[in-house]
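One structure is given below, encoded as structure tokens.
Throughout, residue positions are numbered sequentially from 1 according to the sequence presented.
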Amino acid sequence: MGIGTQILMGSALLFLCAGVQLWIIARVAPALLSAIARIEDKTGPLRLFGLICIAFGAMVLAHTLQIWLWAASFRYFGAFETLPEAFYFAVVSYTTLGYGDITLGEGLRIYGSFAAITGLLTFGVSTAFLLAVLTRIRPMLGDER
């Protein structure tokens, strides 16, 4: 795959992954905001914990789906012989861990770097979303000083 094609395909998958992330947030956020608005001031910590878990779980789902998309694309382009190997490489790249024990051939190196860019961007979105949820829930925890 040529450099231009790698950039085009990597950008396309990055945009698809960002769309997955934002779609999940758009589906979960209104329900969470509605649930938070209905909670009374003295709600027990278990209910608040449940709402935080829903928000966190939604972000884990979003990232997992994106990693699977990258793994499937690596298999599609013939970068790896097995799906577990492609999935492992996708996780290591997406999280920017980069062990280096498995690498892409020269024809897909630039394409593969887009997995890391995707992870960096969408982890930032997840952080912002979770912080927004925690900011909404914080007043309900009361002042424990």
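L61 is listed as a side-chain neighbour of I24, based on a closest heavy-atom distance under 4.5 Å. Counting heavy atoms from C-beta outward, T118 and F15 have side chains that stay 4.5 Å or more apart. Side chains of Y88 and Y99 form a contact here, defined as non-hydrogen atoms less than 4.5 Å apart. Between V133 and L51, the closest side-chain pair of non-hydrogen atoms is not below 4.5 Å.
Heavy-atom minimum distance, T95 versus V92: OG1-O, 3.5 Å. Smallest separation of non-hydrogen atoms from Y111 and Q6: N-OE1, 3.0 Å. L104 and A79 get closest at one heavy-atom pair: CD2-CB, 3.6 Å. Of all heavy-atom pairs between A55 and L32, the closest is CB-CD1, 3.7 Å. The two atoms that bring I25 and P30 nearest to each other are O-CD, 4.2 Å, heavy atoms only. The two residues A29 and F129 make their nearest non-hydrogen contact at CB-CE1, 3.9 Å.
Note: F87 CZ to R75 CZ = 14.5 Å, rounded to the nearest 0.5 Å. Atom CD1 of I110 is separated from atom CE of M9 by 14.5 Å, given to the nearest 0.5 angstrom. Distance CZ/R47 to CD1/I137: 11.0 Å, rounded to 0.5 Å. Here F89 contributes atom CZ and L108 contributes atom CG; the two are 9.0 Å apart, rounded to the nearest 0.5 Å. With values rounded to the nearest 0.5 angstrom, M1 atom CE is found 9.5 Å from L8 atom CG.
Heavy-atom neighbours of I3 CD1 from other residues, nucleotides or ligands within 6.0 Å: at or below the threshold of 12. Surrounding CZ of R136 are at most 12 heavy atoms belonging to other residues, nucleotides or ligands under 6.0 Å away.
Linking ILVMFWY residues whenever their side-chain heavy atoms come closer than 4.5 Å, directly or via other members, places L97 and I102 in the same cluster. Taking hydrophobic clusters as Ile, Leu, Val, Met, Phe, Trp and Tyr residues chained together by side-chain heavy-atom distances below 4.5 Å, L14 shares a cluster with Y76. L65 and L13 fall within the same hydrophobic cluster, where Ile, Leu, Val, Met, Phe, Trp and Tyr residues are linked whenever their side-chain heavy atoms come under 4.5 Å apart, directly or through other members. Both I54 and F56 belong to a common hydrophobic cluster when Ile, Leu, Val, Met, Phe, Trp and Tyr are linked at side-chain heavy-atom distances under 4.5 angstrom. Cluster annotation: L48 is not connected to L33 through the hydrophobic network of ILVMFWY side chains, with a link wherever side-chain heavy atoms come within less than 4.5 Å.
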(request) Test F114 against S93 for side chain to side chain contact (heavy atoms under 4.5 Å, CB included), laying out the working first. (result) CA-CA 9 Å; F114 280 88; S93 296; over 6 Å; no
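If you check the side chains of S126 and Q21, you find a donor sitting under 3.5 Å from an acceptor.
Using cut-offs of 30° and 60° for the angle between ring planes, the F74 and F80 rings count as perpendicular.
Side chain of S34 to main chain of A31: no donor-acceptor pair is present (N/O by atom type, distance under 3.5 Å, no hydrogens or angles).
Checking each of T122, L120, I117, L69 against Y94 for a side chain to side chain contact (heavy atoms under 4.5 Å, CB included) leaves exactly one that passes, namely T122.
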